[in-house]
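Here's the structure, in structure tokens; my notes come after.
Each residue takes its place number in the sequence, starting with 1.
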Amino acid sequence: MADEPGEVNELDDRARAVLRMEGRTWPTPGAKERAIREEFGMSPTRYYQLLNALLDDTRALAHAPVTVNRLRRARDEQRDRR
């Protein structure tokens, strides 16, 4: 993918924060949803919409390949079950 003039080829702070959150483990049910509301000020539904779009972003794959590939596999397995 060639860079266009003026194109920013890095993830923004929010995207990097989402990827960091996805790399964490959660001690109790609901802890992640509370953290999403507190850290991002958005509903979990909106967060997962952003995350799903981020999984298709090549910049996210370059930034956090292990996390993105793990989440892509989980998403594909879920789609296959439907």
Side-chain angles (χ1 to χ4, degrees):
M1 174 161 123
D3 291 344
E4 296 295 323
E7 179 182 346
V8 176
N9 205 19
E10 292 184 15
L11 293 173
D12 62 17
D13 291 339
R14 181 174 67 177
R16 288 191 303 272
V18 167
L19 292 172
R20 276 192 306 275
M21 181 167 283
E22 289 304 311
R24 294 171 53 186
T25 57
W26 302 97
T28 60
K32 183 176 181 180
E33 287 72 18
R34 283 189 298 277
I36 289 168
R37 290 183 189 283
E38 291 171 6
E39 293 181 31
F40 295 102
M42 67 178 71
S43 72
T45 301
R46 179 66 182 134
Y47 171 87
Y48 287 113
Q49 289 170 339
L50 291 172
L51 175 60
N52 194 46
L54 191 56
L55 294 181
D56 295 325
D57 189 326
T58 57
R59 296 171 302 170
L61 182 61
H63 180 77
V66 173
T67 300
V68 170
N69 282 323
R70 175 180 53 83
L71 294 169
R72 283 178 174 179
R73 280 191 306 273
R75 180 179 67 179
D76 292 345
E77 288 170 5
Q78 186 175 19
R79 284 181 181 167
D80 290 345
R81 284 192 300 262
R82 292 183 184 166

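The minimum heavy-atom distance between Asp12 and Ala15, with the atom names listed, is OD1-N, 2.7 Å. Across Glu39 and Arg24, no two heavy atoms sit closer than the pair OE2-NH1, 3.1 Å. Closest heavy-atom contact between Ser43 and Arg37: CA-NH1, 3.8 Å.
Remark: Phe40 pairs with Tyr47 by the ring-ring contact (aromatic ring centres under 6.0 Å, His included) rule, at least two apart or across chains. Among residues two or more places apart in sequence or in another chain, the salt bridge (charged side-chain N to carboxylate O under 4.0 Å, His left out) test is passed with Arg46 by none.
Electrostatic pairing of Lys32 and Glu22 counts as a salt bridge here, judged by a charged N lying under 4.0 Å from a carboxylate O.
Counting only heavy atoms from C-beta outward, the side chains of Arg75 and Asp56 approach each other to under 4.5 Å. A heavy-atom distance below 4.5 Å is found between the side chains of Thr28 and Arg34. Taking the side chain as every heavy atom from C-beta outward, Val18 and Leu54 approach each other to under 4.5 Å. Between Arg14 and Met42, the closest side-chain pair of non-hydrogen atoms falls below 4.5 Å.
The distance from the CG atom of Leu19 to the CG atom of Leu51 is 7.5 Å, given to the nearest 0.5 Å. Note that CD1 of Ile36 and CD of Glu38 are 11.0 Å apart. Values are rounded to the nearest 0.5 Å. Within the model, atoms CG of Leu50 and CG of Asp57 stand 12.0 Å from one another, a figure rounded to the nearest 0.5 Å.
Pairs of residues two or more places apart, or lying in two chains, never qualify as side-chain hydrogen bond (donor to acceptor under 3.5 Å, both in side chains) while including a residue from residues 64-73.
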